[in-house]
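Chain A is the first sequence line, chain B the second, and so forth, proteins listed ahead of strands; every chain is numbered from 1.
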There are 4 protein chains.
Amino acid sequence: MNKTKRAIFEAAVREFSERGYNGATMDEIALKARVAKGTLYYHFKSKEEIFSFVVVEGIKSMQAAISEINEMDLGSFEKIRLICKNQLTLSNDNREFFKVLISQIWGKENRQSEIRMLLNTYFREIEKVMEQAMSEGVVKKGNPKLMSFLFFGNLIATAIYEIVNNGVQSIDDTVNEIIELSLRGILA
Amino acid sequence: MNKTKRAIFEAAVREFSERGYNGATMDEIALKARVAKGTLYYHFKSKEEIFSFVVVEGIKSMQAAISEINEMDLGSFEKIRLICKNQLTLSNDNREFFKVLISQIWGKENRQSEIRMLLNTYFREIEKVMEQAMSEGVVKKGNPKLMSFLFFGNLIATAIYEIVNNGVQSIDDTVNEIIELSLRGILA
Amino acid sequence: MNKTKRAIFEAAVREFSERGYNGATMDEIALKARVAKGTLYYHFKSKEEIFSFVVVEGIKSMQAAISEINEMDLGSFEKIRLICKNQLTLSNDNREFFKVLISQIWGKENRQSEIRMLLNTYFREIEKVMEQAMSEGVVKKGNPKLMSFLFFGNLIATAIYEIVNNGVQSIDDTVNEIIELSLRGILA
Amino acid sequence: MNKTKRAIFEAAVREFSERGYNGATMDEIALKARVAKGTLYYHFKSKEEIFSFVVVEGIKSMQAAISEINEMDLGSFEKIRLICKNQLTLSNDNREFFKVLISQIWGKENRQSEIRMLLNTYFREIEKVMEQAMSEGVVKKGNPKLMSFLFFGNLIATAIYEIVNNGVQSIDDTVNEIIELSLRGILA
DNA sequence: GATGAATGAGCATTCATTCAT
DNA sequence: CATGAATGAATGCTCATTCAT
């Protein structure tokens, strides 16, 4: 990705996360990227294409992080802990992108179906970890698919938590608490 | 709410959930409600006002359900179980509205801040239940606010689960599994 | 056709004839029709639709004129003479529309194919007259289709003649000369 | 004209004839000519200049053909016959260019006025032939200017005939029929 | 000679809102 | 109460032209 395209990419992430897909304007993306509006169209065919690019890149990098951990020589338990921490931190560091993602899961437009498909491959990655952990007896036997969604729900919850009470608690503390609650439940 | 206003309300919920706030059009709402476009403006001041109305009504009814349960003569544990089940079912039955809600939590617009404020009062309601449960020793001591967000995260996760694998599992089974996992954690 | 739609129609004929399809702008049509730009889209779906409407209406009225003459109780020779005169006058009176037509016969766009199809039904009308005249022995046996095209070529030639030497000769004189030349040829 | 310029010229003729002046794009011309867009501007100052170049070249070659025939040692009658055949064939062989020409006779733009001026010199050439033929008694006394326009109208009619019924009749047959009809008229 | 990235003015189209009936 | 024609600001997108390499 060359310099101009990267500038557009970064501007787009910010704009989409602030205004959502429909609220975002090409004028504003161009302004934020400090290029002329025509330049957007030199590098991308349309607003939708910029959006897709943003989403694909983002999900790619979240998956890449999981794969990396999965290939480490660690037990299932440590892997799960590490993935939790890693993904929570990642979604927090790229809060802007994450908001784009979540606000566009719903709905009937093509780009929205596309996001759901991409997310599915992401979920499958989490599922695999859960399945391994189950077979190792680390995690209760159960529905690994549902677990992967709950995991994702936690990411979203954290994102909302952050946006509603912005910055009253360190992200590290939040992450640790969430991991504890998810792993061991809330009952005394 | 008279007949026409109710028709507009219901049309609006559907339209907003299908297209999001910006994607929704007054033309389409009028069409779905089978009234003339001008009629929308007789009953509401603007698109934003219709949207607010939809959101306030929805959150109101979710809160009402919790209050009702809270006033029952039950122990903390049973209350939590009941609220879980009730809210998961409610968010599933009103999936359309729920999608509107989630897609609009993010962003800087006024209506979005307003939603976050309304949600906060909802979270506070959940928090109270958690606090009571903690003082009764039913739930681990911890951060009740965070717990209320994780609870909400589970609602969202279920909604996504439903939309992605639409209808492969009965909602009752899903609800029970989620309650188990949330209460007791995933570890073996 | 109500008042507003008529105003748009007339503005469109002028604008398209002055600038061609691509050169014409919706802004200018709105200006000429003295309505807001949005009004164009209240009455027509798109620029193409305005264009189609203009063309269909125009060809319709040229065909109507021929049909009317065809139904009169006249001999073939008189009919041909009358149709020549009538169509030449008509195309001259609606020079603006006629220019729109001719400039858009060529090319691969949908609207252009559509025009050619409409013109074909027009040509067929002329053909019928020629066929009748042949069977009555008034016109030489030959290719009636080609004759109908030559007839149309004469209309165009007159239009060009008018535009190049604008107004140096009365249209009536021009018409009579053309009829003579077409009917009897140029040879001495 | 060097190789690159010729490639651009030929690409331009095709593009202009397919899309008209305004519909044609520099991008597409560059693509068709297999050169970079900037190269167009190395060889021509602007889109208008390419267009002018195309038109001037085309009319030049049609005039050249007439002059050549005019200089032959033939009677008026033979000359007219030869010119008819020659120009009809030429306009058919360069149908693409011819379409560009006709679609741009109309309208108020500078390039369109320019075309009309160039055409006038072309018409004058035809006129001369007619005048000579009249003085020799080969052609009826009359308006030689109008005759030259009718002649041009026949070229156009043939072009339309060709485009509408593409290729159902050999061009040679069409040409002969047209010459007959123009010279001797359609009456029996 | 030739290239292609970058530009920005211009354009078709959308849509929330108004208002006379 | 209800309507729907009319509005015009806003927006996605196109494309001729420029210019540094």
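- Counting atom types as modelled, B:K37 pairs a side-chain N or O with a base atom of E:dT17 as donor and acceptor under 3.5 Å.
- Under a 4.0 Å N-O distance rule, the pair B:K32/B:E18 qualifies as a salt bridge.
- Taking 4.0 Å as the cut-off between side-chain N and carboxylate O, C:R14 and C:E10 do not count as a salt-bridged pair.
- Where C:G38 and A:M26 each meet DNA chain F at their nearest nucleotide, the meeting point lying more 5' is that of C:G38.
- Atom C1' of nucleotide E:dG4 and atom CG of A:N2 are separated by 12 Å, given to the nearest angstrom.
- Contact annotation for B:A30: no contact, since no heavy-atom pair falls under 4.0 Å across all strands.
- Atom CZ in C:F44 sits roughly 15 Å away from atom P in E:dT14 (whole-Å rounding).
- Regarding contacts with the backbone of F:dA2, a side-chain N or O of B:T4 is found under 4.0 angstrom from either OP1 or OP2.
- Between D:K47 atom NZ and F:dT17 atom P there is a gap of 8 Å when expressed in whole angstrom units.
- An OP1 or OP2 oxygen of E:dT14 is reached within less than 4.0 angstrom by no side-chain nitrogen or oxygen of C:Y41.
- Protein atom CZ of B:R34 is 13 Å distant from nucleotide atom P of F:dT3, rounded to whole Å.
- Taking atom NZ of A:K45 as the reference point, atom P of F:dC15 lies 14 Å away to the nearest angstrom.
- Residue D:T25 has its side chain nearest to F:dA16 when only E:dA16, F:dA2, F:dA16 are considered.
- For C:N110, the CG atom is loosely surrounded, since the number of other residues' heavy atoms within 6.0 Å does not exceed 12.
- The CG atom of A:N22 sits 14 Å away from the C1' atom of F:dA10 (whole-angstrom rounding).
- Between D:T39 and the phosphate of E:dT3, there is a side-chain N or O to OP1/OP2 separation shorter than 4.0 Å.
- Heavy-atom distances to DNA chain E give each of B:E48 and A:H43 a nearest nucleotide, and the one nearer the 5′ end belongs to A:H43.
- Secondary-structure stems of DNA chain E, taken as three or more successive Watson-Crick or G-U wobble pairs (i with j, i+1 with j-1) under a 3.5 Å distance threshold, comprise E:2-21 with F:2-21.
- Regarding A:F51, its CZ atom lies at a distance of 16 Å from the C1' atom of F:dG12, rounded to whole Å.
- We find that D:K60 and D:E57 are joined by a salt bridge, their nearest charged nitrogen and carboxylate oxygen being less than 4.0 Å apart.
- D:N120 is not listed as a side-chain neighbour of D:R116, based on a closest heavy-atom distance of 4.5 Å or more.
- Taking atom CG of A:D27 as the reference point, atom P of F:dA9 lies 16 Å away to the nearest angstrom.
- Here the OG-NZ distance, from C:S91 to C:K99, works out to 12.5 Å after rounding to the nearest 0.5 Å.
- Toward the 5' end of DNA chain F, the nearer of the two residues C:L40 and A:S46, judged by each one's closest nucleotide, is C:L40.
- Ring planes of B:F16 and B:Y21: parallel class, angle under 30° (limits at 30 and 60°).
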